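Heavy atoms only: backbone and side chains are in, while hydrogens, waters and symmetry mates are out. Order of the sequence lines fixes the chain letters, A, B, ..., with proteins taken first and strands second; residue numbering starts at 1 for each chain. In this text the structure is predicted, and so the values were computed from the model without any measurement.
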Amino acid sequence: MKIDHSQPLEYSTHQNQLNILGFWIFLGAEIMLFGTLFMGYFTLEGRTGAGPTPAQIFEITPVLIETFVLLTSSFTIGLGIHAMRLGRKNAMLSFFAITLLLGLVFLGVEIYEFMHYYHVGATYQTSAFTAALLTTLGTHGAHVTLGLFWGLFIILQVKKRGLTPQTANKSFIFSLYWHFLDVVWIFIFSFIYLKGMM
Amino acid sequence: MEFFERFAIPHPSPAIYASMVAIALVTIGIIAGLTYFKKWGYLWREWLTTVDHKKIGIMYLISALLMLFRGGVDAIMMRAQLSVPDAELLDAQHYNEIFTTHGVVMIIFMAMPFIFAFMNLLVPLQIGARDVAFPRLNALSFWLFFAGAMLFNISFVIGGSPDAGWTSYFPLAGNDFSQHVGTNYYMIAIQISGIGSLMTGINMCTTILKMRAPGMTLMKMPMFTWSAFIANLIIVFAFPVLTVALLMGTTDRLFATNFFTSDNGGMDMLWANFFWIWGHPEVYILILPAFGLYSEIIPTFSRRNLYGYKPMVWSMVLISFLSFLVWTHHFFTMGQGALTNSIFSITTMAIAVPTGVKIFNWLFTMYKGKIRFTVPMLYSVAFIPLFTVGGVTGVMLAMSAADYQYHNTMFLVAHFHNTIIPGVVFAMLAGLTYYWPKFFGFMLNEKIGKWAFWSLTIGFVLAFFPMYITGLDGQARRMYTYSEATGFGPLNMVSFIGAAIMAIGFVLILWNVFYSFKNSSREIGSDPWDARSLEWATHTPIPEYNFARLPHVNSSEAFWDAKMNGHQLFRGEYEEIHMPSSSGVPFIMGMIFFVAGFSFVFSLWIPAVIALLGIFFCMALRSFEKDDGYHISVEEIKETERKLGGAK
Amino acid sequence: MKELFPAKQVMGFVASLVLTLIALLVVFTDMSYTAGMTILLVTAFIQATLQLVVFMHAGETEDGWAIYSNILFGIVIVVLSVLGTLLILLWDM
Ligand code: HEM
Ligand SMILES: [Cu+2]
């Protein structure tokens with residue numbers, strides 16, 4: 001394996017560069033995936049049948065908590081990558097751990113939010129609106145959940161194997177994924193919640 | 001007992017029982033054969049665990065051919081049923097199931113693997129690479145496709161086939177009107193293979209962007225690689241739409257949600273909308289690689305370089321964008337206003353322009369060329385006028401006001417078969433014949449090949465041109481019969497005869513493979529057609545590492561330059577070669593996906609959850625795995641090159 | 001020492017907080033639907049760009065052009081598909 005020392009560790013082999021570019025192309029597909037969910041949501045948000053409307057079920061407090069938690073986690077993982085590029089393994093691991101903890105908080109609040117919807121009679125089966133809402137949120141939430149496991153695996157690997165071209169590459173790609181989930185959340189926050197409460 | 005009843009066929013017939021027996025016997029036969037000849041180890045080591053793009057390509061090819069025959073049998077049954085008025089060969093339910101599976105099998109499980117076969121076989125060779133960017137992922141893509149295809153194909157013996165058309169429109173595809181599990185198969189089998197296609201899209205785009213040989217700029221790539229790049233780009237952005245639509249359709253059917261239902265706010269039209277946002281780009285995903293193959297074949301047999309390389313590239317780039325902007329033309333009659341229909345009429349007609357540009361480029365390539373009418377060239381030459389008819393009738397359909405007359409008649413059926421058969425299928429058969437010697441070491445017999453070509457072309461014209469007429473006269477598609485008074489009888493009989501002639505053509509192609517395997521010479525060298533691009537610069541058979549030294553490229557026809565103008569492709573010393581190692585995980589994951597899919601189809605939640613956990617387990621395993629591949633030493637390379645007849 | 005301090009990240013974070021607060025205005029003040037949607041569109045797209053450029057380093061290597069074109073292609077297609085879908089199913093139905 002040829003290692004190019006003029007590049008940051010995560011770009012230092014050809015395979016690493018392939019992985020990063022490939023992941024960006026994957027993110028292009030993810031844009032389309034969430035875009036489609038939004039198409040569905042916008043089309044169906046007014047079609048509430050006998051169920052509640054968006055304004056009736058949305059609550060600002062949990063949404064605000066989720067938003068600030070996720071924004072902060074996107075910041076901390078950015079710090080993690082910064083630390084990684086400086087070769088500070090322990091700082092990086094701490095930032096990654098904080099990120100995952102914030103992710104866990106986000107997920108907790110989201111689960112609370114889902115239970116709230118259930119109690120006010122907005123279940124998966126209630127109407128086209130609730131189905132579109134819960135599928136969009138759920139797809140994002142499932143991504144976060146997967147990210148928690150993935151991030152954990154990466155922390156374990158960095159701990160055990162140190163910062164090698166491989167582990168640095170995986171960590172960097174994970175950070176791309178996490179930032180992307182934040183971008184998606186910004187759109188959910190703006191065009192599902194705020195628009196719905198406007 | 002109740003538990004087992006759900007696996008029964010809701011609407012059995014002797015033909016289905018016969019297929020059950022046949023499937024059981026063939027399975028037993030294969031297992032017995034493998035055991036008797038002690039081939040299990042060979043199968044596992046050389047095929048099931050391979051990550052070599054060439055072998056994966058061959059597996060796609062075999063699967064595509066198998067599915068071509070499965071879909072072809074469906075087609076013959078439909079044409080037989082319609083050959084005379086008031087026929088009773090099939091009843092309405094069987095007819096519905098057959099046109100549904102025919103469409104799905106042909107598009108998703110025949111045409112898609114066929115183009116993936118050529119992408120896998122050719123792209124790394126054409127760009128001078130040793131494999132794709134993510135070989136392991138590539139194997140997983142194949143096994144997901146395979147799992148999806150198998151899942152879809154067992155539907156007609158376990159639980160019943162889908163019967164709501166390949167477009168599976170709601171509310172017909174919902175629980176109210178499609179009660180048995182058939183449509184679950186549709187949703188889940190296509191989902192699984194769709195995920196595989198998406199991964200191939202990402203893989204190929206990365207490969208083409210980052211793994212080209214030294215000197216090969218984007219504008220020096222062979223045209224097939226360009227077409228593959230654009231097709232995969234479209235895949236990356238089109239398939240997620242299908243993923244979401246299928247997910248919603250699945251939850252509607254399994255968890256009683258209301259996306260596409262008729263009450264609680266559900267909107268059936270949203271399905272049609274999603275389906276075609278994916279569906280129209282999908283037809284370009286199929287046709288672009290076909291264009292790419294013609295662009296390789298026509299210059300070779302005209303002994304001229306491709307006319308207008310740049311316009312060819314730009315027209316494809318434009319198509320990749322426009323193909324996402326025309327989807328409404330599939331449902332002009334759905335009820336949206338004239339403004340919307342007009343916008344999409346115009347975009348649809350616009351997309352015919354870059355397509356037309358390409359036709360002229362091929363014509364100018366042949367103009368004043370020294371044309372050799374070999375079998376691949378015959379297909380290419382027949383393609384041009386026949387495909388033009390398909391394009392012109394497409395533009396007729398694109399006029400939204402006129403489409404109220406044509407929509408969902410046999411005219412539409414004629415249009416899309418007219419684009420897909422001379423466009424996609426002929427290209428695949430031409431490519432098969434053209435590349436056969438490179439991958440299998442012998443040529444297919446030209447004489448039998450020509451017989452097959454003529455059967456297919458004449459059969460095609462007889463089978464589909466009459467549909468334009470009956471369609472304009474009002475024969476609706478997807479009707480299982482018609483009365484004598486309609487007067488559709490004679491032309492439908494002509495169609496049946498055409499279909500039968502096409503069937504003969506396909507059988508001739510199979511026969512050709514057997515015949516040539518037995519009789520053809522193995523002394524054909526590595527460049528039997530006197531071809532032009534880089535894939536022909538390899539040895540035949542191609543060593544696992546493709547190129548002992550990576551080629552240096554100066555034009556899109558580097559191999560031709562090397563032969564004619566003394567360009568030196570291979571320079572420098574041999575170096576150790578790094579290769580990816582084989583793995584059984586993709587195959588195992590494919591099988592787990594199959595189990596998961598089957599469990600979802602029948603709402604068997606416990607196995608479904610176990611299978612999903614299995615999938616996550618495989619992914620976790622992959623995360624922790626250290627996989628550095630292996631190295632081929634310089635001595636080994638020298639030895640292999642010597643055996644293959646001279647260093648390259 | 002200068003290298004150690006992640007100035008870029010901190011600025012990005014502050015900017016995203018500010019943009020979020022601006023977006024919140026649409027709920028906590030009285031404004032027309034058009035004004036509200038305009039604010040949301042502007043803040044959301046700026047924030048997304050911020051994440052891409054500041055946090056995700058989209059343009060930092062020689063593949064930057066491919067990454068940007070890919071993302072841009074995706075965004076354009078998504079926006080057009082959303083508009084088309086709404087046109088077909090809501091505005092012009
Ligand atoms: C010149 C370019 C083309 C134009 C203007 C065009 C136009 C159209 C239009 C307007 C329809 C919908 C008609 C209706 O439902 O009433 C249609 C259907 C269709 N076209 Fe084309 N088309 C073109 C090329 C192609 C190509 C290259 C392919 C495939 C490789 C293709 C495959 C199909 C299929 C599969 C359908 C309909 C399927 C269904 O409803 O089941 N078309 N085309
Ligand atoms: Cu179309």
request  = Please report the C-alpha distance between A:Phe75 and C:Val10 in whole Å, then the side-chain angles of each, then the deciding distance to 0.1 Å, and finally whether the side-chain contact (heavy atoms from CB on, under 4.5 Å) criterion is met.
outcome  = CA-CA 8 Å; A:Phe75 175 54; C:Val10 173; 3.9 Å; yes

request  = With a 4.5 angstrom heavy-atom cut-off, could you sort out which part of A:Thr72 is near chain C: side chain, backbone, both or neither?
outcome  = both

task = Mark yes when over 12 heavy atoms from residues, nucleotides or ligands other than C:Met93 sit less than 6.0 Å from its CE; otherwise mark no.
result = yes

ask   = Where does A:Ile60 contact chain C at under 4.5 Å (heavy atoms): side chain, backbone, both or neither?
value = side chain

Pairs of heavy atoms under 4.5 Å with chain A: top-ranked of C:Ile71, C:Asp63, C:Thr43 = C:Ile71

note = Comparing A:Phe38, A:Phe191, A:Trp178 against chain C, the one with the most heavy-atom pairs below 4.5 Å turns out to be A:Phe191

remark   = Checked C:Ser81, C:Gly36, C:Ala66 vs chain A; the most non-hydrogen pairs under 4.5 Å come from C:Ser81

key: Atom CZ of A:Arg88 with >12 non-hydrogen neighbours under 6.0 angstrom   = no

note = When C:Val27, C:Val26, C:Asp30, C:Ile39 are each screened for side chain to side chain contact (heavy atoms under 4.5 Å, CB included) with A:Met198, the one that passes is C:Val26

ask   = So how far is it from A:Leu71 CG to C:Leu17 CG, rounded to the nearest 0.5 Å?
value = 6.0 Å

Side chain, backbone, both or neither of A:Phe68 within contact of chain C (heavy atoms, under 4.5 Å) = side chain

inquiry  = Could you check whether any side-chain heavy atom of A:Met39 comes within less than 4.5 Å of a side-chain heavy atom of C:Leu86, counting everything from C-beta outward?
reply    = no

query = Non-hydrogen atoms of chain C under 4.5 Å away: do they reach the side chain of A:Ile77, the backbone, both or neither?
reply = neither

inquiry  = Less than 4.5 Å to any heavy atom of chain A: does that hold for the side chain of C:Leu89, its backbone, both, or neither?
reply    = side chain

query = If you look at every heavy atom in A:Gly78 and C:Gln9, which pair is closest and at what distance?
reply = O-NE2, 3.5 Å

query = Of all of A:Ser74, A:Ala83, A:Gly46, which one pairs up most often with chain C through heavy atoms under 4.5 Å apart?
reply = A:Ser74

task = Would you confirm whether the ring centroid of A:Phe187 sits within less than 6.0 angstrom of the ring centroid of C:Phe45?
result = yes

inquiry  = Rounded at 0.5 Å granularity, tell me how far CG in A:Leu79 sits from CZ in C:Phe13.
reply    = 9.0 Å

Top contributor to chain A interface from C:Leu90, C:Asn70, C:Val79 [non-hydrogen pairs under 4.5 Å] = C:Asn70

query = Distance from A:Glu10 atom CD to C:His57 atom NE2, nearest 0.5 Å?
reply = 8.0 Å

task = Output yes when a side-chain donor or acceptor of A:Asp182 lies under 3.5 Å from a complementary backbone atom of C:Gln51, and no otherwise.
result = no

message = Looking at every non-hydrogen atom in both residues, tell me the closest pair between C:Ala48 and A:Val183 and how far apart they are.
response = CB-CG1, 3.8 Å

ask   = Rounded to the nearest 0.5 Å, how far apart are CG of C:Leu24 and CE of A:Met197?
value = 8.5 Å

message = Using heavy-atom distances under 4.5 Å, tell me whether A:Leu194 contacts chain C through its side chain, its backbone, both, or neither.
response = both

ask   = Do you know which of C:Leu50, C:Thr29, C:Leu41 has the most heavy-atom pairs under 4.5 Å to chain A?
value = C:Leu41

request  = Rounded to the nearest 0.5 Å, what's the gap from NZ on C:Lys8 to NE2 on A:His82? Could you check?
outcome  = 9.5 Å

key: Residue part contacting chain C, namely of A:Ser175, when any heavy atom lies under 4.5 Å   = neither

remark   = Sorted by chain and residue number, the ring-ring contact (aromatic ring centres under 6.0 Å, His included) partners of A:Phe189 (sequence neighbours excluded) come out as none

request  = Quick one: pull up OG1 in C:Thr20 and CD1 in A:Ile186 and give me the separation to the nearest 0.5 Å.
outcome  = 6.5 Å

Under 4.5 Å from any heavy atom of chain A - which part of C:Leu72 = neither

request  = Counting only heavy atoms closer than 4.5 Å, note whether C:Phe28 contacts chain A via side chain, backbone, both or neither.
outcome  = side chain

key: Distance-only polar pair, side chains of C:Thr61 and A:Gln17, donor-acceptor under 3.5 Å   = no

query = Non-hydrogen atoms of chain C under 4.5 Å away: do they reach the side chain of A:Phe34, the backbone, both or neither?
reply = neither

message = At a heavy-atom distance under 4.5 Å, which candidate from C:Met37, C:Met31, C:Glu60 has the highest pair count against chain A?
response = C:Glu60

